[in-house]
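Below: the structure, in structure tokens.
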Amino acid sequence: MTILKKIPGPILVLLGALCLSFGGIIVKSFEGANLWQILFWRQTFFSIIVALYLLITFKKKFFKSFHSSGLPGLIAGVFLGVGFSAYVFAMYYTTVANTLFIISTETIFLALFGYFFLKEKINLVTLISIIMGMTGVLLIIGSSLSIQSSSQFLGNIVAFIMPISFAVLIVIVRKYPKVDMVPSQFIAGIFAALIGYLVAGKLS
């Protein structure tokens with residue numbers, strides 16, 4: 001944890017984006033597994049890693065960390081879990097490029113949510129950027145409709161759940177800056193794994 005605090009924020013964001021960029025390749029590489037099986041196992045191992053981090057960080061206060069995160073942590077976890085599920089669904093049905101491009105619209109939703117829920121003003125440059133960004137998304141998705149199946153189109157629509165859920169998470173973090181949101185990551189992993197388990201039918 002001390003080492004992470006010494007790493008500049010932009011570097012951490014770059015590393016996060018680099019790791020995320022491999023997600024589509026990995027999901028697309030699975031053979032003989034449906035998307036709900038992929039979702040279950042992906043989130044199960046994710047939850048194990050987060051649990052290990054929490055155990056190392058909080059030790060005997062492991063369970064107390066969830067209580068301390070309270071309702072904001074629970075809500076953030078549920079929204080993020082829905083986002084995790086949408087990520088795998090979108091990667092399974094539409095192209096990696098479309099999915100990642102749609103994820104990048106998170107900043108647009110964040111600006112809008114910040115305006116409505118945090119009373120943060122949107123300046124003219126940001127407003128123009130939002131309009132141009134959404135226009136770009138609509139052009140890219142619209143131009144590919146003729147070569148896409150109905151399932152691919154559905155994948156594009158579901159992909160929008162991800163930036164919305166991530167934007168909600170960031171708004172909650174901004175609203176409650178003193179609340180540790182790492183426990184919410186564990187909640188998100190378990191919630192998404194439960195969705196995969198209930199829908200998958202079989203896990204092998």
Side-chain angles (χ1 to χ4, degrees), residues 1-92 96 99-100 103 106 161-163 165-204:
M1 189 65 181
T2 306
I3 296 174
L4 286 176
K5 287 182 178 179
K6 293 180 179 178
I7 301 176
I11 300 298
L12 290 174
V13 173
L14 179 63
L15 289 173
L18 181 64
C19 292
L20 185 64
S21 66
F22 285 97
I25 299 172
I26 295 171
V27 170
K28 293 283 189 180
S29 68
F30 283 110
E31 294 180 2
N34 62 46
L35 75 93
W36 303 112
Q37 292 169 332
I38 295 170
L39 176 65
F40 172 81
W41 290 111
R42 179 181 186 267
Q43 299 311 137
T44 295
F45 286 106
F46 172 85
S47 300
I48 291 171
I49 296 300
V50 176
L52 289 174
Y53 172 82
L54 289 170
L55 284 169
I56 293 170
T57 305
F58 293 98
K59 298 179 175 63
K60 293 181 179 180
K61 295 181 179 179
F62 175 81
F63 293 103
K64 188 178 179 181
S65 66
F66 292 92
H67 182 267
S68 299
S69 65
L71 187 60
L74 178 61
I75 295 173
V78 171
F79 269 96
L80 193 58
V82 172
F84 286 157
S85 304
Y87 176 80
V88 175
F89 186 97
M91 284 293 185
Y92 196 84
V96 175
T99 303
L100 294 179
I103 290 176
E106 175 192 346
I161 295 176
M162 291 178 294
S165 65
F166 296 160
V168 170
L169 172 66
I170 295 175
V171 167
I172 293 174
V173 171
R174 291 285 303 276
K175 185 75 174 178
Y176 304 95
K178 294 183 180 180
V179 175
D180 192 335
M181 287 297 170
V182 176
S184 70
Q185 306 285 318
F186 180 80
I187 294 172
I190 294 297
F191 184 78
L194 183 61
I195 293 175
Y197 174 77
L198 293 174
V199 183
K202 61 177 184 178
L203 301 177
S204 59

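Along the sequence shown, residues are numbered consecutively beginning with 1.
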Task: Where F79 and S165 come nearest, the two heavy atoms and their spacing - done: O-CB, 3.1 Å

TODO: Kindly write out the residues that satisfy side-chain contact (heavy atoms from CB on, under 4.5 Å) with I170, not counting sequence neighbours, or none if the list is empty.
DONE: E106, L110, R174

TODO: Compare all side-chain heavy atoms of F89 with those of I161 and state whether any distance is below 4.5 angstrom.
DONE: no

Open item on the list: With a sphere of 6.0 Å drawn around CZ of F166, does it hold more than 12 non-hydrogen atoms of other residues, nucleotides or ligands?
Closed with: yes

TODO: Apply side-chain contact (heavy atoms from CB on, under 4.5 Å) to the pair D180 and F58, showing each step before the final yes or no.
DONE: CA-CA 11 Å; D180 192 335; F58 293 98; 3.2 Å; yes

Task: Under 3.5 Å donor-acceptor, Q37 side chain and N34 backbone - done: yes

TODO: Specify the closest pair of heavy atoms between V88 and I38, including all atoms of both residues, with the distance to one decimal.
DONE: CG1-CG2, 4.1 Å

- [ ] Carefully, step by step, assess L169 and Q185 under the rule side-chain contact (heavy atoms from CB on, under 4.5 Å).
- [x] CA-CA 10 Å; L169 172 66; Q185 306 285 318; 4.2 Å; yes

Task: Spacing of OG belonging to S69 relative to CD1 belonging to I187, to within rounding of 0.5 Å - done: 5.0 Å

- [ ] Would you indicate whether the side-chain heavy atoms of I49 and F45 approach each other to under 4.5 Å?
- [x] no

- [ ] Return the minimal non-hydrogen interatomic distance between P163 and I103, and the atom names on each side.
- [x] CB-O, 3.8 Å

Atom pairs and distances, donor-acceptor, side-chain atoms in residues 190-204, under 3.5 Å, two or more places apart:
none

TODO: List in chain and number order the residues that pass side-chain contact (heavy atoms from CB on, under 4.5 Å) with L12, two or more places apart in sequence or in another chain; answer none if no residue qualifies.
DONE: L4, I7

- [ ] Find the distance between CH2 (W36) and OH (Y92) and round it off to the nearest 0.5 Å.
- [x] 11.0 Å

TODO: Would you please indicate yes or no on a ring centroid separation below 6.0 angstrom for F84 and F46?
DONE: yes

TODO: Give a yes or no answer on whether the side chain of S184 reaches the backbone of M181 with a donor-acceptor pair at less than 3.5 Å.
DONE: yes

Open item on the list: Could you tell me if the side chain of L80 sits less than 4.5 Å from the side chain of M162, heavy atoms only?
Closed with: no

Task: R42 and L35: CA distance, side-chain angles, deciding distance, side-chain contact (heavy atoms from CB on, under 4.5 Å) verdict - done: CA-CA 10 Å; R42 179 181 186 267; L35 75 93; over 6 Å; no

TODO: Test V96 against I25 for side-chain contact (heavy atoms from CB on, under 4.5 Å), laying out the working first.
DONE: CA-CA 8 Å; V96 175; I25 299 172; 5.7 Å; no

Open item on the list: Could you report the tightest heavy-atom contact between G189 and Q43, atom names first, then the distance?
Closed with: O-CB, 3.3 Å

Open item on the list: F186 vs Y53, test: ring pair (Phe, Tyr, Trp, His ring centres under 6.0 Å). Steps then yes/no.
Closed with: CA-CA 10 Å; F186 180 80; Y53 172 82; over 10 Å; no

Open item on the list: Counting C-beta onward and ignoring hydrogens, is there a side-chain heavy-atom pair between L18 and L14 closer than 4.5 Å?
Closed with: no

